[in-house]
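Here the structure is laid out as structure tokens; the discussion comes afterwards.
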Amino acid sequence: MSDKDNALDVAVRQLDMVAEQINLDTAIHKRLRSPARCYIVACPVRMDDGSVEVFTGYRVHHNTSRGPAKGGIRYHPDVTLDETTALSMWMTWKCAVVDIPYGGAKGGVACNPKQMSRGELQHLTRRYTSELVNVFGPRTDIPAPDVYTNPQIMAWIMDTYSMSIGYAEPGVVTGKPIPVGGSLGRFGATSRGCAYAIYSLLEKLNRRVDDETVAIQGFGNVGYNAAEILHDDGGKVIAVSDSKAGVYNPKGLDPRLLAKYKAETGSVQGYPDGESITNEELLEIDCSILIPAALENVITSRNADRIKAEIIAEGANGPTSPDADEILYDRGKYHLPDVLANAGGVTVSYFEWVQGLERYFWTEEEVNSKLKGIMDRAFENVWHIYQTEKVNMRMASYMVAVKRVAEAMLLRGLYPQ
Ligand code: NAD
């Protein structure tokens with residue numbers, strides 16, 4: 001496999017490799033290589049200048065054998081059907097690795113949200129939701145935030161869906177603001193889950209977070225919260241970046257001050273208490289833990305042999321190419337893959353959905369402690385396979401996940417025959 005493969009080629013080839021490794025039933029393998037269903041919708045939106053722009057939206061269900069389709073919605077100019085399909089497949093594995101009762105889905109709209117007003121974003125979100133109003137539902141398909149979508153956008157989805165069915169339905173979407181049925185702990189959940197996975201690994205290696213230096217690519221939901229949690233727990237965050245540039249300070253950065261600076265200026269670029277670095281330099285910086293938390297395919301065969309971090313924890317989805325996976329494994333790196341390392345988000349989304357369906361809400365302590373229980377168990381399952389089968393941790397996670405999905409498919413059988 002080469003670094004030039006698109007995300008879907010990568011996802012399918014990863015499945016093929018696992019299928020071989022676990023001797024997967026041929027018919028199940030064939031079914032899992034393709035998504036169960038894909039929706040493509042045109043979303044006409046009247047822009048602020050009076051013109052009408054037509055945006056293309058996607059929603060893909062990869063597999064729903066273990067429960068309703070679950071996955072985020074991405075607003076980005078590069079969104080395509082292939083990328084959305086790959087991400088939906090990764091969601092199937094992610095939900096199965098942490099053993100929550102969901103199938104995998106993903107959605108997206110090809111747009112540039114940075115150049116759209118709040119009104120335009122709201123109109124786009126409502127039109128996209130209404131195009132898919134018969135697809136979304138608390139028992140069928142439950143969206144969530146992803147790149148450049150946020151709790152406000154989830155509230156608009158919830159409202160549009162609720163308007164169409166005639167009553168408020170919090171269970172249709174997760175990652176909502178707290179006043180409309182969001183869960184305490186959801187905002188930082190992906191990063192908290194990532195931190196729990198890192199701490200489980202550090203425990204296996206007899207290391208402590210206080211002795212670790214951390215570099216984080218991306219300073220949005222996942223990157224910022226990871227910086228804050230690791231900083232508060234004693235780790236030293238020495239470098240972060242966003243889409244414009246990065247900042248480096250070997251003595252450590254204060255994530256809250258940096259966030260304040262970014263809120264004022266729009267970027268971490270130019271932060272006075274550190275030296276400016278590029279995104280490429282950030283990935284290769286001398287640190288012990290690297291957290292890619294932006295976009296896919298940033299660690300490839302071009303830079304994998306220059307990565308200095310001993311631990312790579314994938315906050316982002318698909319940040320490492322398959323070639324780079326092999327290079328990092330051969331170099332003895334500990335590599336927590338996306339389907340495990342960023343599964344905290346979907347896990348607390350699951351808690352939010354359960355709370356919404358029951359109309360009964362938990363404390364933040366309850367949420368965090370249940371999240372820890374699920375992440376710790378998932379890590380142990382993956383670590384066991386990693387040790388006994390001598391495969392990298394991505395392969396180990398996929399082996400756990402694909403076996404669970406295949407078991408559900410075999411038990412449910414083939415309909416109608
Ligand atoms: P976000 O929109 O909140 O933040 C994205 C960050 O990445 C921003 O700081 C942006 O400036 C930065 N960025 C964008 N392009 C970049 C580039 N070319 N180089 C460096 N930085 C760049 O998004 P998010 O929710 O934090 O998602 C980040 C990643 O984590 C994505 O891969 C997403 O799929 C994954 N993820 C998110 C969640 C979640 O709960 N939000 C859950 C699981 C996985």
Side-chain angles (χ1 to χ4, degrees), residues 7 70-79 83-84 86-88 90-91 93-95 97-98 104-108 112-114 121 143-154 173-176 182-183 185-194 197 215-228 239-247 255 258-259 261-263 265-269 277-283 290-299 303 313-320 336-352 371 375:
K70 184 84 187 90
I73 292 172
R74 178 174 293 198
Y75 285 179
H76 193 276
D78 299 340
V79 164
E83 182 195 65
T84 311
L87 289 161
S88 75
W90 289 326
M91 281 307 295
W93 313 142
K94 193 179 299 181
C95 295
V97 172
V98 285
K106 203 78 182 188
N112 190 345
K114 286 187 180 173
L121 278 173
D146 191 70
V147 176
Y148 297 146
T149 55
N150 56 33
Q152 174 61 74
I153 289 175
M154 301 306 114
V173 65
T174 61
K176 300 178 294 298
S183 175
R186 174 61 184 89
F187 182 63
T190 304
S191 316
R192 191 166 296 283
C194 187
I216 304 176
Q217 186 187 46
F219 204 57
N221 178 316
V222 179
Y224 169 69
N225 284 297
E228 189 184 284
V240 303
S241 68
D242 60 23
S243 59
K244 298 217 175 85
V247 56
L258 195 51
Y261 177 84
K262 183 175 161 102
T265 65
S267 170
V268 300
Q269 189 178 31
I277 52 168
T278 64
N279 261 297
E280 290 69 37
E281 285 165 342
L282 178 130
L283 294 168
L290 172 66
I291 306 181
L295 297 176
E296 52 263 34
N297 223 28
V298 292
I299 304 177
N303 58 2
E314 295 184 342
N317 284 312
T320 314
L336 294 164
D338 46 10
V339 290
L340 175 66
N342 69 35
V346 74
T347 303
V348 176
S349 273
Y350 163 56
F351 297 160
E352 179 179 331
L371 171 63
M375 290 304 301

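All ligand and atom numbering here is 1-based and tracks the order in the structure. Residues take their numbers from the sequence shown, with the count starting at 1.
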* Which ligand 1 atoms, with their elements, are less than 4.0 angstrom from a heavy-atom of Arg186? -> 40 (O)
* Structure fact -> Looking only at heavy atoms, the pair that brings Lys94 and Asp338 closest together is CE-O, 4.0 Å
* Any nitrogen or oxygen of Lys94, main chain or side chain, under 3.5 Å from a nitrogen or oxygen of ligand 1? -> no
* How far is atom 23 (O) of ligand 1 from its nearest protein heavy atom, and which residue and atom name does that atom have? -> Val147 CA, 3.8 Å
* Asked: Relative to the ring of Tyr148, is the ring of His76 parallel (under 30°), tilted (30 to 60°) or perpendicular (over 60°)?
  -> parallel
* List in chain and number order the residues that pass ring pair (Phe, Tyr, Trp, His ring centres under 6.0 Å) with Phe187, two or more places apart in sequence or in another chain; answer none if no residue qualifies. => none
* Heavy-atom contacts under 4.0 Å between Lys114 and ligand 1: side chain, backbone, both, or neither? -> neither
* Asked: Which is it for Ala293 and ligand 1 at heavy atoms under 4.0 Å: side chain, backbone, both or neither?
  -> backbone
* Is the closest side-chain heavy-atom distance between Arg186 and Pro151 below 4.5 Å? -> no
* Which atoms of ligand 1 are found less than 4.0 Å from any heavy atom of Thr190? -> 38 (C), 39 (C), 40 (O), 42 (C), 43 (C)
* So, the side chain of Tyr224 versus the backbone of Gly188: is there a donor-acceptor pair under 3.5 Å, distance only? -> no
* To do: Return the residue, atom name and 0.1 Å-rounded distance of the protein heavy atom closest to atom 8 (C) of ligand 1.
  => Gly220 N, 3.8 Å
* To do: Show which atoms of ligand 1 fall inside a sub-4.0 Å distance from at least one heavy-atom site of Arg74.
  => 32 (O), 34 (O)
* Structure fact -> Looking only at non-hydrogen atoms, the one of Ala294, Gly344, Gly193 nearest atom 31 (C) of ligand 1 is Ala294
* Do Val240 and Leu258 have side-chain heavy atoms sitting under 4.5 Å apart? -> yes
* Structure fact -> the protein heavy atom lying closest to atom 9 (O) of ligand 1 turns out to be Phe219 N, 2.9 Å
* To do: Could you tell me whether some N/O pair between Val222 and ligand 1 is separated by less than 3.5 angstrom?
  => yes
* Determine yes or no for a side-chain-to-main-chain donor-acceptor pair under 3.5 angstrom, with Ser191 supplying the side chain and Val222 the backbone. => yes
* **Distance from atom 14 (C) of ligand 1 to nearest protein heavy atom, with residue and atom** => Tyr148 OH, 3.5 Å
* Asked: Mind checking whether Asn342 has an N or O less than 3.5 Å away from an N or O of ligand 1?
  -> no
* Do any nitrogen or oxygen atoms of Lys106 lie less than 3.5 angstrom from nitrogen or oxygen atoms of ligand 1? -> no
* Distance from atom 3 (O) of ligand 1 to nearest protein heavy atom, with residue and atom -> Asn221 N, 2.9 Å
* Asked: Side-chain contact, heavy-atom cut-off 4.5 Å: Ile73 with Val173?
  -> no
* Asked: With sequence neighbours left out, what residues match Arg74 under salt bridge (Lys or Arg N to Asp or Glu O under 4.0 Å)?
  -> Glu83, Asp146, Glu296
* Just by modelled atom types, is the Asp242 backbone N or O under 3.5 Å from a matching donor or acceptor in the Asn279 side chain? -> yes
* Hey, does Lys70 have a side-chain heavy atom less than 4.5 Å from the side chain of Thr174? -> yes
* To do: Below 4.0 angstrom from a heavy atom of Asn279, which ligand 1 atoms are there? Numbered from 1 as shown, please.
  => 19 (N), 20 (C)
* Does any N or O in the side chain of Asn112 come within less than 3.5 Å of the main-chain N or O of Pro77, such that one atom is a donor and the other an acceptor? -> no
* With atoms numbered from 1 as shown, which atoms in ligand 1 lie under 4.0 angstrom from a non-hydrogen atom of Ala316? -> 29 (C), 30 (O), 32 (O), 35 (C)
* Asked: Looking only at protein heavy atoms, which one is nearest to atom 12 (C) of ligand 1, and how far off is it?
  -> Ser243 N, 3.8 Å
* To do: Report yes if Pro145 has an N/O atom closer than 3.5 Å to an N/O atom of ligand 1; otherwise report no.
  => no
* **Heteroatom proximity flag, Gly345 to ligand 1, N/O under 3.5 Å** => no
* To do: Go through ligand 1 atom by atom and flag the ones less than 4.0 Å from a non-hydrogen atom of Asp242.
  => 9 (O), 11 (O), 20 (C), 21 (N), 22 (C)
* Below 3.5 angstrom, do we get any N/O pair linking Asp146 and ligand 1? -> yes
* Among all protein non-hydrogen atoms, which one is nearest to atom 18 (N) of ligand 1, and what is the separation to 0.1 Å? -> Leu295 CD1, 4.3 Å
* Asked: With no hydrogens and no angle check, is any side-chain donor or acceptor of Glu352 less than 3.5 Å from a backbone partner on Gly175?
  -> yes
* Assess whether side chain to side chain contact (heavy atoms under 4.5 Å, CB included) is satisfied between Thr265 and Lys244, documenting all intermediate values. => CA-CA 12 Å; Thr265 65; Lys244 298 217 175 85; over 6 Å; no
